[in-house]
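Each chain gets a letter, A, B and so on, in the order the sequences are listed, and its residues count up from 1.
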Amino acid sequence: MIPKYNPKEIEEKWQKIWEEQKLFKAIEDPNKKKYYLLEMFPYPSGKIHMGHVRNYSIGDVIARYKWMKGFNVLHPMAWDAFGMPAENAAIEHGVHPAKWTYENIEYMKHQLKRMGFSYDWDREFATCDVSYYKWEQLFFIKMYEKGLAYKRKSLVNWCEICKTVLANEQVMGDGTCWRGHPDDPGVTQKELEQWFFKITDYAEELLEWCDRLPGWPERVLSMQRNWIGKSIGAEIHFPLENGDGVIKVFTTRQDTVFGATFMSLAPEHPLALDLSKGTSQEKAVRDFIEKIKRQDWMKRTSPTTEKEGVFTGAYCLNPMTRERMPIFVANFVLMEYGTGAVMGVPTHDQRDFEFAKKYGLPLIVVIQPEGDPLVAETMTQAYEGEGRLVHSGPFNGMDSVSAREAIAKYLEEKGLGGKKVSYRLRDWGISRQRYWGAPIPIIYCDRCGTVPVPEKELPVVLPLDVEITGMGESPLAKVKDFVETRCPSCHGPARRETDTMDTFVESSWYFDRFACPDYQEGPLDRKRVDYWMPVDQYIGGIEHAILHLLYSRFFTRVLKELGWVGVEEPFTNLLTQGMVCKEVYECPRDGYLFPEEIERKGERIHCRKCGGEIEAGRLEKMSKSKKNVVDPEYLIEKYGADTARMFCLFAAPPEKDLDWSDQGVEGSFRFLNRVWRLIWDQAPRLKDLTPLPFGTPLEGEPRFLRQKTHQTIKKVTEDIERFHFNTAISAIMELVNEIYASDLKDQEDERSRRVLREAVETTVLLLSPFVPHISEELWEQLGNHESIIKRPWPEYDPEAILKEEILIVIQINGKLRDRITVPVSFGEEEIKQWALKSERVKRYVEGKEIKKVIFVPKKLINIVC
RNA sequence: GCCUGGGUGGCGGAAUAGGUAGACGCAAGGGACUUAAAAUCCCUCGGUGGUCCCCCACCGUGCCGGUUCAACUCCGGCCUCAGGCACCA
């Protein structure tokens, strides 16, 4: 009698054994080849979601596979534990963020263990541990000393819901906060004193190294390149007419400088008000600047906003032509990019064209395209393409591409500017007006100014005795004992910085700390870091394509310069898994509905609340607010962790979005039951048998099954190597189907039984990285006494996969007409003779002359006639 | 507008180096077992047409064209979806 497959029981059993035997403990061993596998660590929000299950299931396949392949695997897990939700919980439920966080960690750790992931839990830490963030404070001080951390007053992004500043990277394309609040009013601008990390110093390096990361997906690299946004051009100095200095301009089209007929300044440009002072335009300029400053940022920076400006009353000179150029203040010029001033070339820039038409400014054509020449008076839009230079003095006749080079050189020689590179990337603002984060280790003294906390006084411990109301400024500012301190320099009374660091700082180096989580003498034990770093394979969601991945790359470069790590890049290979999606049902009246709140009547779907018809569900990322989540805990209870893991791996390739299907989960569960029954059925007959040695000659059914077994080993191995887990699983399914269909199950001779034993054993071994619990249990059932992970990954016998007979496809003029099975030894001539004997082939060839025969060994023959 | 990545049955997806398109699974339909249900097992399953019982022909991987004996795969042009960047000078 075969016992029922009881996932709950066997999963608990094996998780206990793995833990007791510390099977996944990583120990530095210079004699073994290391493999550092890392998945993006979770925020301890309360419970794990399907995204975690998918991410960590993918990682676990690779980890377990690499173990079996003999690598020294580091597969750690930790908690990205600082952040806003903990504070919100404090505000809403009155629970302390620390308590909330550590309790969530306990619960989620328990959940991860129930999934059976192969982590080395001895290396676990939480970023809110003092023993972690104190080193981050040390980094901050070192960066401050090197000028890489600095404070300045600036316009910053403010999220009214988070009540804090956001970095540029944390503002999404639609102007909302990266946390995705349900009713996000949009990020606004605020002027504040803020700490920044000077990531712009590394713009060029970070960009260049994008080309040296062949193990990263192209879309991520492309996003990072876009974000850094390098433009090559020139800086041009336009002297003010009154002789009082210059206006500096950045342009990528210096070849059009002879056509520049006006100048526009950003409203925030320091010269904007100065220039108008004392002129009749002063009031108009002042009003205009005030109006623009009041406008909300999203609207102001939208390309569709009407372009407008106001004349300052002042002029500058075109440095090439010495022509007067009126200076405007214009709403479309951004202080943040380039120099905050733009030269206006109406003929060759569409925006300038529209502006010039509106304000009656002159047009001069300086680039002539091939074909009909441009005439300024009849132009209806700007010509932005390449061409030959005209009205450009000594540069006349040059093509625009080489003119850019020549003019940049000329500007340089004449002291009027020169070649210049501009980046879109801006410095990383790290100050957060929040409590639950790492304190910035800075002290303000009235006498000594800004003083970093001395190294020996670290850590600056985040006080736990604090009132969190969500009102007013940072809660830390209200903790007297924390704020009031002594100046490390003059020992006089001083105040502590009360902002905390962006939580992305913690996640920018946690992967280094995993090499030496217990190290006390410093942030990183260089010897151990050098052994494990870089991460060989990093896995996580595409949503961090810019944010976390760019910050980590920046931090790694800084830490290398500080001598704490030896690598330039932290992650050699990156796999970005897709989202887990499920259909959402949205009723026009009652909003989002749970699946049980809808009713299907044939093709139509109705809302159970109001009875109205609703649209068919569209697929969207699982989210609580859209009521389309599946709780992993429910799956573990109902089907077990193995089924949950298998479904995530089988339903889609890792980098694609995964469409949730309840029936698909059933299918995975069904398959595991099928394997369970097969092994239990056969195991008693196959005890104490070993597979036949490599190269054993066989005939008939034993030969066939052995061939399938070894083909499967080859296929599954290759598929895991290239992360095609879905096809790896389908190959194992095929093998299982083959075993079911095989009559070897009824044969009693030793050879047949040994072949069957090998097939069954291989099935379990190949399944083990995907569904480890059931594999361990069945492995034991087959008479083994050690964990399956200690068994080396199977190798295929090259002789076993050789075929005696092969199927050859016969094409006539490239169209499939027949298939024949021939001995593998047959050459082209023999196959051709056989092919021509086929009735079907005869039909097409009869009476025609064979012009050509193409023969692809072991595949096909194509007869052209 | 620029930069990426996609588009294959009713669905998720296969096809690794240009060589049998649709593996594997889900759903669906039919059958077996059963008092019945569940579970399990077997069969069919891209479309159109032909005397559609095991047979055959044609069409078929977003569209148009090209290269080739042969194209889901390579080249050119387009359509479309998703993501990133964008009044960026």
Side-chain angles (χ1 to χ4, degrees), chain A residues 4 172-173 217-231 233 236 249-254 256 260 264 266 300-307 330-334 336-345 349-352 354-355 384 422-424 542-543 545-546 578 647 650-653 655-668 670-671 673-674 677 715 718-719 721-722 724 726-734 736-737 740 807-819 840 843 851-865:
Chain A
K4 202 172 160 242
M172 300 295 97
E218 191 50 45
R219 59 174 171 161
V220 174
L221 293 173
S222 143
M223 281 190 230
Q224 295 219 346
R225 288 191 192 103
N226 271 344
W227 188 259
I228 296 167
K230 179 181 184 175
S231 324
I236 307 178
V249 152
F250 172 76
T251 178
T252 54
R253 290 302 302 271
Q254 61 271 26
T256 65
S264 20
R300 180 176 158 193
T301 53
S302 155
T304 53
T305 301
E306 167 90 9
K307 285 143 199 58
N331 63 346
F332 61 83
V333 185
L334 308 170
E336 288 73 32
Y337 185 78
T339 59
V342 182
M343 67 176 191
V345 185
D349 181 287
Q350 186 58 28
R351 197 184 43 199
D352 295 344
E354 285 162 27
F355 195 82
E384 296 184 337
S422 201
Y423 300 91
R424 212 191 69 94
I542 186 72
E543 65 273 17
I546 299 171
F647 174 73
F650 180 63
E655 54 303 333
K656 272 196 140 184
D657 284 352
L658 182 143
D659 302 336
W660 191 262
S661 149
D662 292 331
Q663 288 102 327
V665 180
E666 292 277 355
S668 296
R670 219 165 9 214
F671 171 72
N673 274 288
R674 200 165 138 83
R677 288 193 304 271
K715 167 91 176 144
E718 287 167 0
D719 278 354
E721 290 282 353
R722 58 186 189 133
H724 285 209
N726 53 336
T727 52
I729 292 172
S730 70
I732 302 171
M733 286 173 166
E734 282 184 61
V736 170
N737 290 346
Y740 263 103
L807 185 75
I808 297 286
V809 165
I810 307 171
Q811 295 182 340
I812 311 293
N813 295 326
K815 287 203 170 193
L816 174 88
R817 293 302 176 191
D818 205 356
R819 305 176 169 96
R840 300 200 214 179
R843 237 194 342 223
K851 291 191 195 125
K852 201 170 166 187
V853 173
I854 284 124
F855 176 67
V856 183
K858 292 181 185 172
K859 284 227 168 93
L860 61 76
I861 186 161
N862 186 10
I863 298 164
V864 186
C865 55

In whole Å, what separates the [atom1] atom of [N] from that of [M]?
{"N": "B:rG49", "M": "B:rC64", "atom1": "P", "answer": "22 Å"}
{"N": "B:rC87", "M": "B:rG77", "atom1": "C1'", "answer": "31 Å"}
{"N": "B:rG50", "M": "B:rG30", "atom1": "P", "answer": "25 Å"}
{"N": "B:rC2", "M": "B:rU67", "atom1": "P", "answer": "29 Å"}
{"N": "B:rU61", "M": "B:rC11", "atom1": "P", "answer": "15 Å"}
{"N": "B:rC41", "M": "B:rC26", "atom1": "P", "answer": "10 Å"}
{"N": "B:rG7", "M": "B:rA14", "atom1": "P", "answer": "10 Å"}
{"N": "B:rA37", "M": "B:rG22", "atom1": "P", "answer": "36 Å"}

Please state how far atom [atom1] in [X] lies from atom [atom2] in [N], giving the value in whole angstrom units.
{"X": "A:Phe332", "N": "B:rC88", "atom1": "CZ", "atom2": "P", "value": "10 Å"}
{"X": "A:Lys230", "N": "B:rC2", "atom1": "NZ", "atom2": "C1'", "value": "18 Å"}
{"X": "A:Leu658", "N": "B:rC11", "atom1": "CG", "atom2": "P", "value": "17 Å"}
{"X": "A:Glu218", "N": "B:rG84", "atom1": "CD", "atom2": "C1'", "value": "12 Å"}

Given ring pair (Phe, Tyr, Trp, His ring centres under 6.0 Å), test A:Phe671 with A:Phe650 step by step and report yes or no. CA-CA 11 Å; A:Phe671 171 72; A:Phe650 180 63; 8.1 Å; no

Check: [Y] and [X] side chains under 4.5 Å, non-hydrogen atoms:
{"X": "A:Phe332", "Y": "A:Thr305", "answer": "no"}
{"X": "A:Asp349", "Y": "A:Glu384", "answer": "yes"}
{"X": "A:Met343", "Y": "A:Thr256", "answer": "yes"}

Counting side-chain heavy atoms from CB outward, which of B:rA86, B:rU4, B:rA14 is closest to A:Arg424?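 Nearest to the side-chain atoms of A:Arg424, counting from C-beta on, is B:rA86.
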
Inspect the contact between A:Glu218 and A:Arg225 and indicate whether a charged nitrogen and a carboxylate oxygen are less than 4.0 angstrom apart.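 Looking at A:Arg225 and A:Glu218, the cut-off is met.
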
Closest nucleotide of RNA chain B for A:Ala341 versus for A:Lys656: which of these residues is on the 5' side?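 Counting from the 5' end, the first nearest nucleotide belongs to A:Lys656.
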
Pairwise 5' ranking along RNA chain B for A:Met343 and A:Gly664, keeping only the more 5' one: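 With A:Met343 and A:Gly664 compared, the 5'-side residue is A:Gly664.
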
Taking only nitrogen or oxygen atoms into account, show me every contact under 3.5 Å that the protein makes with nucleotides 16-23 of chain B, one pair per line with its distance.
residue	atom	partner	partner atom	Å
B:rU16	O4'	A:Arg722	NH1	3.1
B:rU16	N3	A:Glu718	OE1	3.4
B:rG19	N2	A:Gln811	OE1	3.1
B:rU20	O2	A:Arg819	NE	2.5
B:rU20	O2	A:Arg819	NH2	2.7
B:rA23	O2'	A:Glu734	OE2	3.0

Considering just the side-chain nitrogens and oxygens of [X], establish if one lies under 4.0 Å of OP1 or OP2 belonging to [N].
{"X": "A:Arg840", "N": "B:rA57", "answer": "no"}
{"X": "A:Ser302", "N": "B:rC87", "answer": "no"}
{"X": "A:Arg351", "N": "B:rC88", "answer": "yes"}
{"X": "A:Lys307", "N": "B:rC87", "answer": "no"}
{"X": "A:Arg843", "N": "B:rA57", "answer": "yes"}

Taking atom types as modelled, is there a side-chain donor on A:Asn737 or A:Arg674 under 3.5 Å from an acceptor on the other?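 The answer is yes; a qualifying pair exists.
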
Under 3.5 Å, which N/O atoms of the protein pair with N/O atoms of nucleotides 40-46 of chain B?
residue	atom	partner	partner atom	Å
B:rU40	O3'	A:Arg677	NH2	3.4
B:rC41	OP1	A:Arg674	NH1	2.6

Taking all non-hydrogen atoms of both residues into account, name the closest pair between A:Gln224 and A:Ala545 and its distance.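 Closest pair (atom of A:Gln224, atom of A:Ala545, distance): NE2-O, 2.8 Å.
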
Using every non-hydrogen atom in the two residues, find where A:Val342 and A:Arg351 come nearest and quote the distance to one decimal.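 Nearest pair, atom of A:Val342 first, then A:Arg351: CG1-NH2, 4.1 Å.
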
For RNA chain B, the expected dot-bracket line (Watson-Crick or G-U under 3.5 Å, [ ] crossing, | inter-strand) is (((((((..(((......[....))).(((((.......))))).(((((....)))))..(((((..]....))))))))))))....

Select base, sugar-phosphate, or nothing to describe what A:Gly173 touches, counting heavy atoms under 4.0 Å on all strands.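 Answer is sugar-phosphate: A:Gly173 comes under 4.0 Å of backbone atoms only.
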
